[in-house]
Amino acid sequence: MTFKADTPLSHHVHPADNREARRGGVKPSLLILHYTGMSSAAKAIDWLGRSESGVSCHYVVDEAGRITQLVPEEQRAWHAGVSYWRGETDINSHSIGIEIHNPGHEHGYPDFPPDQMAAVIALSKDIVRRHHIAADNVLAHSDVAPGRKIDPGEKFNWLLLAKEGLGLWVRPSPVREDDPGLGSGASGPRVLRAQEHLASYGYDVNATGTLDPGTEKVLKSFQLHFRPRRIDGRLDRSTEVTLERLVEASRKRAAA
């Protein structure tokens, strides 16, 4: 069944089969950014629209910046999968999902073109304005599904979005080649503090004081988004300092 686009920025409506009412009547409070991971935007739109795919999203933005809407914003799309953010596990009900066409890491992972980024920014600004979505609730798929998803990945320009008021961003602390950081199995107060910071920001991590496989996955997700220079899941000083800056910026934003 067709529907009217929610935004004048949409160039086309392609109704997806996989859509339903948001559970509990909740309103969207998160904006989740993905990449398609497919060879073309046309194939992605076709697949995301089919019932047999088991997935869908609200929008697809192709490499030229053309926007296709597949699911009305008032409805629940199937884009996040098994996911978590700040205690919530039904991310699909609480979010709007934008798929940005990019073939992804398995197929060369090209840069995101300027026209595409401009369209993503315009669409995201329109969505967060209408739904009053907080800046630090503009997230990567990898943020809400650590270890399972890595999109939109380290090449996505979060700084550019932050300059437009989208997403929270802090200057990453420089990576030092002589600081490999703490690895899997390490334990102690540094690990515990990092886990507490990651959990307070919203990630799904248990504060045990041991750098277990779950924590390693979350660290990689954090690095993908906020410290993309080196993505290894290790706790070096660059990651610690960047995380501390982010948590402090989030606290200041909340207090304001």
Side-chain angles (χ1 to χ4, degrees), residues 23-24 26 28-34 80-95 133-154 156 158 162 167-176 178-256:
R23 296 170 183 171
V26 299
S29 59
L30 304 171
L31 178 61
I32 310 297
L33 304 184
H34 311 248
V82 178
S83 48
Y84 172 102
W85 192 253
R86 292 179 179 162
E88 181 55 58
T89 56
D90 183 8
I91 299 302
N92 283 336
S93 286
H94 289 263
S95 67
I133 295 174
D136 55 356
N137 278 344
V138 180
L139 302 165
H141 196 189
S142 54
D143 289 321
V144 301
R148 192 174 66 82
K149 295 294 182 179
I150 58 173
D151 58 309
E154 68 276 12
F156 189 75
W158 290 102
L168 196 56
W169 179 260
V170 294
R171 178 175 55 86
S173 178
V175 172
R176 289 180 48 175
D178 62 348
D179 177 17
L182 302 176
S184 181
S187 61
R190 287 178 60 190
V191 176
L192 179 62
R193 185 167 58 250
Q195 290 171 328
E196 290 172 342
H197 284 329
L198 288 164
S200 71
Y201 192 68
Y203 288 97
D204 185 10
V205 62
N206 295 316
T208 64
T210 298
L211 209 165
D212 53 27
T215 301
E216 188 174 10
K217 291 175 182 178
V218 172
L219 283 171
K220 285 182 179 179
S221 292
F222 171 80
Q223 292 164 345
L224 275 166
H225 188 154
F226 297 103
R227 208 291 305 272
R229 174 74 181 275
R230 188 169 71 197
I231 303 156
D232 56 8
R234 299 178 69 87
L235 185 63
D236 59 356
R237 281 299 294 158
S238 168
T239 298
E240 287 178 282
V241 172
T242 305
L243 177 57
E244 289 164 2
R245 290 173 179 170
L246 182 67
V247 170
E248 180 62 22
S250 179
R251 289 171 177 165
K252 288 181 177 179
R253 176 81 53 103

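One is the number of the first residue; the rest follow in order along the sequence. Computed from a prediction, not measured in an experiment: that's the story for all the values here.
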N/O donor-acceptor pair under 3.5 Å between T210 side chain and D212 backbone: no
With the side chain counted from C-beta on, respond yes when R227 and V175 share a heavy-atom pair under 4.5 Å apart, and no when they do not. yes
Would the distance check show the side chain of Q195 and the main-chain N or O of G209 forming a donor-acceptor pair, the cut-off being under 3.5 Å? yes
Cation-pi check, R171 to F226: give yes when NZ or CZ is under 6.0 Å from the six-membered ring centre and within 45° of the ring axis, no otherwise. no
Check for a donor-acceptor pair, side chain of R86 on one end and backbone N or O of Y201 on the other, with a separation under 3.5 Å. yes
Between A162 and W169, which heavy-atom pair has the shortest distance, and what is it? CB-CB, 3.5 Å
Taking all heavy atoms of P152 and all of W158, pick out the closest pair and write down the distance. CG-CZ2, 4.0 Å
Residues R237 and E240 bridged, charged N to O under 4.0 Å: yes
Which value, rounded to the nearest 0.5 Å, describes the distance between L168 atom CG and L246 atom CG? 5.5 Å
Side chains of P172 and R229: closer than 4.5 Å at any heavy-atom pair? no
Mark yes or no for whether S221, through its side chain, and S142, through its backbone, hold a donor-acceptor pair below 3.5 Å. yes
Is the closest side-chain heavy-atom distance between E244 and R193 below 4.5 Å? yes
Minimum heavy-atom separation for D179 to R230, with atom names? O-NH2, 2.8 Å
State the CD1-NE2 distance between I231 and H225, to the nearest 0.5 angstrom. 12.0 Å
Are any side-chain N or O atoms of Q223 and backbone N or O atoms of G233, one a donor and one an acceptor, separated by less than 3.5 Å? yes
When you measure from the side chain of H141 to the backbone of A80, do you find a donor-acceptor pair of N or O atoms at a distance under 3.5 Å? yes
When rounded to the nearest 0.5 angstrom, what is the spacing between CG in D204 and OG1 in T89? 9.5 Å
Taking every non-hydrogen atom, the tightest pair across S93 and R23: OG-N, 3.1 Å
Taking the side chain as every heavy atom from C-beta outward, state whether T239 and R234 have any atom pair closer than 4.5 Å. no
Report the distance from atom CG of L182 to atom CD of E216, rounding to the nearest 0.5 Å. 12.0 Å
If I take atom CG from residue L30 and atom CH2 from residue W85, how far apart are they, to the nearest 0.5 angstrom? 9.0 Å
Would you say R176 and D236 make side-chain contact, with heavy atoms under 4.5 Å? no
May I ask you to test the Y203-D143 pair for a side-chain heavy-atom distance under 4.5 Å? yes
Would you check if the side chain of S173 reaches a backbone N or O of T242 as a donor-acceptor pair within less than 3.5 Å? no
With rounding to the nearest 0.5 Å, note down the distance linking CG in N206 to CD in E196. 12.0 Å
Minimum-distance pair of heavy atoms, taken over all atoms of D136 and S250: OD2-OG, 3.2 Å
Non-hydrogen side-chain atoms of L219 and L211 separated by less than 4.5 Å: yes
Nearest heavy-atom approach of A186 to V191 is O-CG2, 4.0 Å
